[in-house]
Q: 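This is the structure I have questions about; it appears just below.
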Amino acid sequence: MKKPLVYVTRNIPTELSKAYEEKFTFFCWEEEETPVPREELRKHLQIADALICMVSDSIDKLLIKDADHLKIIANLAVGYDNICIEAAKSRGIIVTNTPDVLTETTADLGFALLLATARRLIEANNFIRQGEWKEWSPYLLAGADVHHKTIGIVGMGRIGKAMARRAQGFGMNIVYHNRSRDEAAEKELGVTYVSFHDLLNQADFVVSVVPFTHETKDMFNSHAFQMMKETAVFINISRGGVVNEADLIHALQSGVIQAAGLDVFKEEPIQKNHPLLQLPNVVALPHIGSASVETRTNMWKLCLDNVAAVLNGESPKTPV
Ligand code: NAP
């Protein structure tokens, strides 16, 4: 009997896929530098039984419409805003993601980005490498304190809570906003629920960890930046779509807020000449929230487990 075909939009490490090779045929897009062209993907999806895709692949209605044999779309990410869930549902295709396994790693990156932005680490590193360090001086590259300040976490979910645990270690006052109050988190982590408005008013560090949905689209806009402190640092480790980037640029240029640390952007990869990358008070990263070797391996494994379960007629571990 013909083995089910699993299409993977990047090279899957063979040491991970080999355990499944007796049962499934893997077909991978092998170029690391360029994403699979849409036409190529469409062609493969017409015959594939399973798809393992990345956050950068847009799996839209039209692609799903032609995917006659597809049973599962396994996203190598916890966010799934790159997939048209309704189209998948209407065709009975299961969508899975990779929650939990990336939570701590993403929070590590979030906190690293917060520290790097507050303490101007990238500017300082560039300064020393460019031979500009002539003399010690009291306010040379002086940044903002992090310890004992107020952090405002927008999205107190898995990663939000992991950020809160890190903030506790820095003696920070922690406020949060969700659509619904999380009393268990309040008890466990000593965090305080506030309205979005109050969070923006109170926080020295505003951290976005919400999923990208029609509700969160552009939630950080000029109105939101105006409500923040002039000294506020904005950190985005969720999705670029939650920010109105034109408004953020204006806020950073005109001193409405102090600085921003961004792991995600509206258009990815962001172009080198993008105005955000010209601002000295921006620390920018290429969407590497969960990019540790250990965590990426665990994310692949979870995708493979989900694919194997669905192709064996069982329930996947982490359905969306
Ligand atoms: P999660 O556990 O589902 O947490 C999301 C939180 O956001 C929940 O507490 C939810 O609470 C809140 N939320 C949802 N919609 C909201 C709204 N309209 N207003 C206010 N709060 C809202 O998800 P997670 O695992 O922590 O991941 C969060 C997001 O991080 C993912 O969706 C993904 O986009 C992003 N992420 C990025 C990276 C990266 O590489 N930078 C890595 C991993 C994840 P309520 O339902 O009560 O509102």
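Values in this document were obtained by computation on a predicted structure and should not be read as measured data. Numbering starts at 1 and runs along the sequence shown. Atoms within a ligand are numbered from 1 in the order they appear, just like the ligands themselves.
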Q: For ligand 1, which atoms sit closer than 4.0 Å to a heavy atom of Thr106?
A: 38 (C), 42 (C), 43 (C)

Q: For ligand 1, indicate whether the residue Val78 contacts it via side chain, backbone, both or neither (heavy-atom separation under 4.0 Å).
A: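 Answer for Val78: side chain.
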
Q: I need the contact type for Glu215 against ligand 1. Using non-hydrogen atoms and a strict under-4.0 Å cut-off, is it side chain, backbone, both or neither?
A: side chain

Q: Taking salt bridge (Lys or Arg N to Asp or Glu O under 4.0 Å) as the definition, give me every residue that meets it alongside Glu21, ordered by chain and number, with sequence neighbours left out.
A: none

Q: Could I get the full list of ring-ring contact (aromatic ring centres under 6.0 Å, His included) partners for His44, not counting sequence neighbours?
A: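 ring-ring contact (aromatic ring centres under 6.0 Å, His included) check on His44 returns Tyr7, Phe27.
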
Q: Taking side chain as C-beta onward, heavy atoms only, is Phe265 less than 4.5 Å from Val243?
A: no

Q: For atom 13 (N) of ligand 1, which candidate among Val210, Val154, Asp100 holds the nearest heavy atom?
A: Val210

Q: Can you find an N or O of Asn178 that's nearer than 3.5 Å to an N or O of ligand 1?
A: yes

Q: Check ligand 1 against Ser290 and write out every atom of the ligand that is under 4.0 Å from a heavy-atom position of the residue.
A: 40 (O)

Q: Report the part of Arg158 (side chain from C-beta onward, or backbone N, CA, C, O) that has a heavy atom under 4.0 Å from ligand 1; answer both or neither where that applies.
A: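 It is both backbone and side chain that touch ligand 1.
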
Q: In ligand 1, which numbered atoms sit nearer than 4.0 Å to a non-hydrogen atom of Ile159?
A: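 Listed by number with element: 24 (P), 25 (O), 26 (O), 27 (O), 30 (O), 43 (C), 44 (C).
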
Q: Atoms of ligand 1 less than 4.0 Å from Ile237 heavy atoms?
A: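 In order of number, 35 (C), 36 (N), 37 (C), 38 (C), 39 (C), 41 (N).
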
Q: If you measure every N or O of Met219 against every N or O of ligand 1, does any of those distances drop under 3.5 Å?
A: no

Q: With a 4.5 Å cut-off on side-chain heavy atoms, are Ser56 and Arg10 touching?
A: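 Yes, side chains in contact.
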
Q: Any idea which atoms of ligand 1 are less than 4.0 Å away from a heavy-atom of Asp263?
A: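 Reading through ligand 1 atom by atom, the close ones are 39 (C), 40 (O), 41 (N).
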
Q: Assert yes or no for the condition that the ring centre distance of Phe234 to Phe205 is strictly below 6.0 Å.
A: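 Between Phe234 and Phe205, the centre distance exceeds or equals 6.0 Å.
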
Q: Does atom CD (Glu22) have a neighbourhood of more than 12 heavy atoms from anything else shown, all under 6.0 Å?
A: no

Q: Look at the aromatic rings of Phe24 and Tyr20 and report parallel, tilted or perpendicular, splitting at 30° and 60°.
A: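 If you compare the ring of Phe24 with that of Tyr20, the planes turn out parallel.
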
Q: Mind checking whether Gly157 has an N or O less than 3.5 Å away from an N or O of ligand 1?
A: yes

Q: Backbone or side chain, does any N or O of Asp81 fall under 3.5 Å from an N or O of ligand 1?
A: no

Q: Where the side chain of Asp218 meets the backbone of Asn221, is there a donor-acceptor pair that is under 3.5 Å apart?
A: no

Q: What about Phe170 and His148, are their ring centers closer than 6.0 Å?
A: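 Ring-ring flag for Phe170/His148: false, centres at least 6.0 Å apart.
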
Q: Measuring from non-hydrogen atoms of Ser238 to any atom of ligand 1, is the shortest distance under 4.0 Å?
A: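 Within the 4.0 Å threshold, so yes.
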
Q: Between Ala77, Ser180, Pro211, which one has a non-hydrogen atom sitting closest to atom 32 (O) of ligand 1?
A: Pro211

